[in-house]
Amino acid sequence: MLKVLKFGGTSMADAAQYKKIKDIVNSDPSRRVVVVSAAGKRFSDDNKITDLLYLCHAHIRYGVSYAGIFDMVRERYISIRNDLGLKRNIEAELDILQDKMDHGITREELVSRGEYLSAILMADYLGFPFVDASRWLFFHYDGTIDQEKSYSTLRSIVRDGCAVIPGFYGLMPDGKIRTLTRGGSDITGALAAAALDADVYENWTDVSGILMADPKIVDNPRTIERATYSELRQLSYSGAQVLHEMTVFPVREKNIPLNIRNTNDPENPGTLVCEEFKESAAERHRFVTGIAGKCDYSAVTIHKKGMAGSVGNLRNMAEIFENNTVPICYTPTGIDCISMVCPTEKLAPHMYSLTDELRKEMRPDSIKVTDGIAIIAVVGRKMAYRTGTAGKIFDALGEAKINIRMISQGPEELNILVGVDHKDYANAVRVLYNAFVK
Ligand code: ASP
């Protein structure tokens with residue numbers, strides 16, 4: 001039996017959190033492989049080490065002294081080492097890093113050092129071998145993971161033993177450090193679990209699983225006890241904040257259950273995610289698993305008389321988005337009109353070139369860009385077998401006088417998406433939560 005555990009930034013924030021982790025690991029001999037994040041926030045106004053390292057890099061780039069910021073990194077790791085009573089010469093590691101900062105270090109290598117330092121200390125504290133991510137997590141030149149090589153290398157290193165692995169980074173074919181996107185230690189953990197054919201991937205964070213709605217909007221939302229991989233993918237893509245949205249893929253490929261747990265409440269079973277499971281009596285009555293959403297989308301809409309009867313328009317428009325490197329999240333269409341919905345921050349730098357190209361290539365009667373759209377996803381694996389979900393959504397929002405700007409249902413009937421104005425976003429989430437969960 002093997003459990004791969006990943007501990008996020010708040011779980012790694014100080015020595016007290018390291019102690020909780022040690023208790024969790026020691027309570028179960030199958031908890032043998034531990035992936036860690038950089039130290040995160042200890043309290044709400046605190047800094048995350050990774051953010052400080054990004055800031056150091058920006059200072060180096062603009063020729064401004066980084067000393068004050070790097071001191072905060074230094075102090076944090078030295079105090080963790082001291083408070084745990086470890087002998088490790090972490091100052092030597094920090095000096096090597098500082099020397100590299102003075103003589104040229106890539107941004108990716110610099111920001112990866114938080115995970116590196118966390119893992120060194122955690123390995124010492126647990127008495128497990130430190131296995132650097134650069135020894136096994138290999139990227140292709142295009143930035144995708146070389147899964148075959150990475151998996152076989154990690155298997156040959158760990159075998160049946162124990163390991164502490166830093167999350168968030170790996171090695172490029174040219175020997176340079178490359179990082180995953182922010183929050184990427186979740187992915188490192190999932191890749192390690194898949195490489196080692198773990199029985200469970202436990203992702204330890206500071207909440208007891210995925211909540212049915214954003215707790216900043218809904219008071220005390222319920223926890224999702226169990227969800228399928230597809231539901232997790234939908235919820236995290238749509239804005240649920242617990243895990244990196246790409247975490248699900250490696251574990252799903254190997255059918256490894258994913259258990260989201262709380263380091264500060266280790267007895268809580270959290271959320272279990274797998275391919276399928278038998279329903280409990282409580283689950284039988286509920287057909288919405290969760291509600292997630294995000295703000296700051298823009299819709300680019302073109303109208304052209306007769307467009308519905310001609311071919312290639314969707315492809316042409318998508319190609320123009322592609323040329324401008326603007327990702328398309330949703331594509332609501334009407335008769336003679338197509339909308340492409342994308343994150344506003346991704347559209348903004350390309351808006352003029354994109355709309356200009358649309359005008360030249362597609363010769364539409366009009367082009368309209370609408371900002372300030374929020375998209376809410378109502379997700380549930382059982383919606384496919386029920387009538388009335390869409391009706392209930394529209395009734396609830398209608399009664400609350402919330403105007404629906406856009407509607408879309410995924411073809412697998414796993415989610416219904418509604419677009420609303422920013423100003424209505426929080427209210428819409430509350431209204432939907434009350435309609436389906438309360
Ligand atoms: N430390 C990195 C970040 O803050 C990666 C992670 O914690 O997963 O994004």
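For ligands, and for the atoms within them, numbers begin at 1 and follow the listed sequence.
Residue pairs satisfying the ring-ring contact (aromatic ring centres under 6.0 Å, His included) criterion with at least one member in residues 205-253, sequence neighbours excluded, are absent.
Arg381 and Glu276 are not joined by a salt bridge, as no carboxylate oxygen comes within less than 4.0 angstrom of a charged side-chain nitrogen. For the pair Glu109 and Arg178, the salt-bridge criterion is not met [side-chain N within less than 4.0 Å of a carboxylate O]. Ion pairing between a basic and an acidic side chain is recognised when a charged N comes within 4.0 Å of a carboxylate O; Arg76 and Asp46 show such pairing.
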Would you list the atom pairs, donor with acceptor, under 3.5 Å between side chains in residues 6-13 and any protein atom, with sequence neighbours excluded?
residue	atom	partner	partner atom	Å
Lys6	NZ	Asp186	OD1	2.8
Thr10	OG1	Asp206	OD2	3.1
Ser11	OG	Thr263	OG1	2.8

Do any side-chain atoms of residues 48-63 form donor-acceptor pairs under 3.5 angstrom with protein atoms, and if so which ones, sequence neighbours left out?
residue	atom	partner	partner atom	Å
Asp51	OD1	Arg182	NH1	3.1
Asp51	OD1	Arg182	NH2	2.9
His59	ND1	Leu55	O	2.8

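The residues lining ligand 1, counting any heavy atom closer than 4.0 Å, are Ser37, Lys48, Thr50, Glu115, Phe168, Arg182, Gly183, Gly184, Ser185.
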